[in-house]
Amino acid sequence: MCGGIGLRIFKVQGLKPLHGKIKIQGAKNAVLPMMAASLLAEGRTEIRNVPEITDVFLMAEIVRELGCQVEFRDNVLKINAFGLSGTVISEKSVGKMRSSSLLLGPLLSRAGEVTTWYPGGCVIGKRPIDYHLDVLRSMGAEILDDGGMLIAKAKKLYGTTFRFPYPSVGATENAVMAAVLASGTTKLVNCAKEPEVAELCGFLRSMGAKISGERTGIITVDGVEKLFPTNHVTAGDRICAGTYLAAAAASGGKIEITGVEPVILVEPLKSLRKMGAGIRIFGAAGPKARICMAMEQRPAGIEIDTGPYPGFPTDLQSVFLAAEAAGSGESRFRETVYEARFEAAMRLAAFGADVSVQKDTAIIKGRYPLLPGIAETPDLRGGAALLVAALAADGLSVIADRGHLSRGYEDIGRDLRKLGADIEECEL
Ligand code: EPZ
């Protein structure tokens, strides 16, 4: 695309039930912290099953700016952090890549300082990083901030005991990455238990870190002198899996998903069963695990409260809500993680959906079919939700996307077409 306006247009002909099999891409929210953690060891770390998504390319660019060598080809990422020399993350990079905040812990550990900027809010919420800064301060970091720029310094980080006010995924990840080379033992309480946090802890252990307690909410880290490069295969992306399952719930049909462990999808699968889906699991964990789902009715109304893992994931709220917009009953979704994650829900009005939002709760009165509509994606998961709604609309819908979808989905149009959706795409 040369000289285009950077708009991707999806033309969706709805009411085609989905059928087929799909292998899920590697988990974006596991790869990003592991890319940051790679900076903790001199030498070349290799991460496989890495999705070719914008967020990975952006994080790779930032890691290169810091002096590391990065190769990314055919879903294999090689990061050589031997040459790490920079400690400044440019304001431009932070603006494009909120997850650059995950570099705070590794850079403080490895280089003793980091200059960066507050990532700022986004359409789903303010996204502060106060918990990140508080736990790093408790480990001995001096952090100056003028509300915009952040300068953090620590000759040495020290073990601490810290209780998170909320089980923040990113703050837990930053704290663990700061603690692995700290002097002494760190005990983190009220930690996030997301599978991606557990995967990061396993990744760090394979580098020589001494970590225990992930998945329990209390993580203990005994600092070590040095960490070593490692090789790792990324687990499947549970949010991508949940997205395609929600799409099948909205459109009807029968799909099979591989490449992700059903054991990390318990709440979404429970909700799908309540919606009337027939779910069969072959192998709860391991590379041969399969999820087979058949949807022969309109989704029954359900009640969902999002929450920290193992609760229902906030990242699946919008796509499940879109499926229920084409359901047969009344549903209630309460968003407890973010303060403003109903933008997509409100844009479903473009498809004739009956959705009313009051503070943290959305009430959906299902109607089927939905009407063909025209809408622009508000954010990554909200964009997926609009596609889900279009699959259940009687006619041709048009969805415009300014790069949100490719941040987290390798190629959502390709994947849905693989499942039989009638979707054409073009770039403007
Ligand atoms: C991670 O974001 C994910 N991103 C998000 O996925 C996901 O929605 C979120 O966890 C919750 O599961 C990555 O892993 C890259 P949090 P993170 O810190 O770490 C508040 C997607 O679509 N908070 O657990 O930023 C915060 O405002 C993305 O893939 C503070 O108040 O999430 C939010 O309300 C979207 N202070 C809540 O906690 C802090 O210092 C949860 O945030 C940190 C967080």
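Just so you know, ligand 1 is whichever comes first in the structure, and atom 1 is the first atom listed for that ligand. Basis for what follows: all heavy atoms, side chains included, without hydrogens, waters or symmetry-related copies.
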Checklist line | Nearest protein heavy atom with distance in Å, relative to atom 43 (C) of ligand 1 | finding: P128 O, 3.3 Å
Notebook entry, point to check: What part of D315 sits under 4.0 Å from ligand 1 if we count only heavy atoms: the side chain, the backbone, both or neither?
Noted result: side chain
Next item on the list: Would you confirm whether the ring centroid of F312 sits within less than 6.0 angstrom of the ring centroid of F320?
Entry: yes
Notebook entry, point to check: What residue and heavy atom of the protein are closest to atom 33 (C) of ligand 1, and at what distance?
Noted result: V337 O, 3.5 Å
Checklist line | Heavy-atom nearest neighbour in the protein, as seen from atom 40 (O) of ligand 1, with distance rounded to 0.1 Å | finding: Y131 N, 2.8 Å
Check: Hey, do the aromatic rings of F164 and F162 have their centres closer than 6.0 Å?
Finding: yes
Next item on the list: List the closest protein heavy-atom neighbour of atom 2 (O) of ligand 1: residue, atom name, distance to the nearest 0.1 Å.
Entry: R127 NH2, 3.6 Å
Check: Do any N or O atoms from the side chain of E410 and from the backbone of E52 form a donor-acceptor pair under 3.5 angstrom?
Finding: yes
Notebook entry, point to check: Is the shortest distance from atom 20 (C) of ligand 1 to a protein heavy atom below 4.0 Å?
Noted result: no
Item checked: Non-hydrogen atom of K126 closer than 4.0 Å to ligand 1 -> no
Next item on the list: Determine, using ring centers only, whether F57 and F72 are less than 6.0 Å apart.
Entry: yes
Note to self: Please work out, at 4.0 Å between heavy atoms, whether the side chain, the backbone, both, or neither of R341 comes within that distance of ligand 1.
What the structure shows: side chain
Check: Under 4.0 Å from ligand 1, counting heavy atoms only, is it the side chain of R381, its backbone, both or neither?
Finding: side chain
Margin query: Between K96 and V94, is the side chain to side chain contact (heavy atoms under 4.5 Å, CB included) condition met? List the steps.
Written below: CA-CA 5 Å; K96 289 191 284 186; V94 174; over 6 Å; no
Next item on the list: Look at atom 9 (C) of ligand 1 and say which protein heavy atom is nearest, naming residue and atom and giving the distance to 0.1 Å.
Entry: Y338 OH, 3.2 Å
Check: Closest non-hydrogen protein atom to atom 36 (N) of ligand 1, residue and atom name please, with distance?
Finding: D130 OD1, 2.7 Å
Next item on the list: Could you check atom 16 (P) of ligand 1 against the protein and tell me its nearest heavy-atom contact, residue, atom and distance included?
Entry: V169 N, 3.7 Å
Notebook entry, point to check: Got the closest protein heavy atom to atom 15 (C) of ligand 1, with its distance?
Noted result: N29 OD1, 3.3 Å
Check: Given that the side chain starts at C-beta and the backbone is N, CA, C, O, which of these parts of Y166 lies under 4.0 Å from ligand 1, counting heavy atoms, or is it both or neither?
Finding: side chain
Notebook entry, point to check: Do the side chain of E256 and the main chain of C292 share a donor and acceptor less than 3.5 angstrom apart?
Noted result: no
Note to self: Does only the side chain of S168 get under 4.0 Å from ligand 1, or the backbone, or both, or neither? Count heavy atoms.
What the structure shows: both
